[in-house]
Amino acid sequence: MTEEAFDVVVVGSCMTDLVSQAPRLPKAGETIHGHKFFIGFGGKGANQCIQAARMGAKTAMVCKVGKDFFGENYIQNFKDNGVSTEFVGQTVDSATGAASIIVNDAGENAIVIVAGANLLLGGEDLRRALPALSRAKVMVCQLEVSPDTSLQALRLSHENNVKTIFNPAPAIPDLDPDFYRASDVFCCNESEAELLTGVAVASIEDAGRAGQELLRRGCNSVIITLGSRGCVVLSAQEPSSPSHHVPTKPVTTVDTTGAGDSFIGALAFYMAHFPTMSLEEMARRANQVAGVSVQTIGTQASYPSKKDLPTDLF
Ligand code: ATP
């Protein structure tokens with residue numbers, strides 16, 4: 001049993017991305033030749049954990065992979081990034097989560113995701129991880145594992161006064177009200193905010209309105225990320241809860257895949273290391289970290305480490 005207290009514990013998903021690039025997407029029953037293939041590490045939970053670890057947070061991942069090649073490979077990836085794998089379970093009952101992705105020359109894609117072992121992460125795994133979960137500074141979870149597991153993790157953390165970040169992605173309508181009540185920071189993108197609140201989010205003002213609705217449902221604070229426009233931040237502590245727009249610096253964008261996860265991983269690092277910093281300042285810095293990730297191809301491959309970032313972010 002662990003004696004360590006972690007800065008950030010992530011309860012979430014691991015996915016292996018199998019990416020083929022081809023001139024066009026194949027039709028049903030057709031076999032075509034592609035020109036490039038690569039394997040990437042993905043899954044929202046793992047992405048967020050890896051970004052927090054690269055910033056310098058002491059991290060642990062609570063997840064489930066298969067007893068297969070991809071599972072072994074993923075465990076090694078966590079170790080290579082300094083993430084504790086004490087709570088990474090392996091199962092023979094399902095394969096490691098995988099996303100088979102085909103990208104055509106126009107940049108369009110067709111994707112099949114098989115969540116596999118991720119869906120077997122459950123209450124027993126959380127109980128095993130309780131010593132780490134109950135003493136963490138920050139717990140982060142999403143919706144790529146069973147929503148019941150994420151909700152249990154949120155409730156457990158909340159009961160133990162561990163700060164929580166909940167990322168409702170991929171969004172599901174009719175979220176259990178406890179998801180809101182157990183979230184210290186409820187962090188989502190525009191389309192998730194729209195699906196959850198019914199407020200069409202096209203502008204910064206719209207995002208503010210959607211954020212107000214999320215606050216009304218019981219979150220302590222809300223961040224809605226807005227791609228190149230940065231994010232809006234709202235807090236229930238402020239009288240009348242105004243929304244604050246936190247802009248980003250313009251950058252040359254190459255690939256935005258996984259930018260949202262980079263933002264959340266960085267946010268978790270700041271919440272753990274600078275607990276008295278204002279949420280707006282944390283969001284401003286997380287914008288900068290995610291802004292670095294969009295300037296390089298890949299998901300985790302594009303996430304910066306502390307040494308790659310300006311010292312004034314620390
Ligand atoms: P993804 O699904 O691609 O991971 P997302 O939709 O969850 O992303 P976004 O709102 O697109 O999340 O982006 C998250 C954060 O990444 C933004 O708040 C911003 O800080 C940064 N970001 C994203 N796109 C850009 C961009 N083009 N230029 C600068 N920063 C960006």
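Values below: every heavy atom of this structure, side chains too, minus hydrogens, waters and symmetry copies. Whatever order the structure lists them in is the order used to number ligands and atoms, beginning at 1.
For atom 21 (C) of ligand 1, the closest non-hydrogen atom on the protein side is Ala290 CB, 3.6 Å. In terms of protein heavy atoms, atom 6 (O) of ligand 1 is closest to Asn189 ND2, 3.0 Å. From the protein, the heavy atom lying nearest to atom 27 (N) of ligand 1 is Thr253 OG1, 3.1 Å. In terms of protein heavy-atom proximity, atom 11 (O) of ligand 1 is nearest to Gly227 CA, 3.5 Å.
Taking every heavy atom of Asn287 and a limit of under 4.0 angstrom, the matching atoms of ligand 1 come to 18 (O), 19 (C), 20 (O). Within ligand 1, counting atoms from 1 as listed, the ones closer than 4.0 Å to a heavy atom of Gly230 are 17 (C), 18 (O). Close approach of ligand 1 to Val251 (heavy-atom distance below 4.0 Å) involves ligand atoms 28 (N), 29 (C).
A salt bridge links Arg155 and Asp178; the closest N-O separation between the charged side-chain nitrogens and carboxylate oxygens is under 4.0 Å.
Note that the CZ atom of Phe6 and the CD atom of Glu86 stand 6.0 Å from one another [nearest 0.5 Å].
Side-chain contact, Asp255 with Gln295: no donor N or O sits under 3.5 Å from an acceptor N or O. A donor atom on one side chain and an acceptor atom on the other are found under 3.5 Å apart for Gln300 and Asn77.
Distances between N or O atoms of Val294 and those of ligand 1 include no value under 3.5 Å. Geometrically, ligand 1 and Thr256 share a nitrogen or oxygen pair separated by less than 3.5 Å.
Counting heavy atoms closer than 4.0 Å to ligand 1, residue Thr248 contributes side-chain atoms (C-beta onward) but none from N, CA, C or O.
Members clustered with Ile297: Val254, by chain and number, using a 4.5 Å side-chain heavy-atom cutoff among hydrophobic residues.
When atom types are taken as modelled, the side chain of Asn287 and the backbone of Lys249 share no donor-acceptor pair closer than 3.5 angstrom.
By heavy-atom distance, the residue among Cys187, Pro247, Gly260 lying nearest atom 14 (C) of ligand 1 is Gly260.
Using cut-offs of 30° and 60° on the angle between ring planes, the pair Phe314 and Phe269 is perpendicular.
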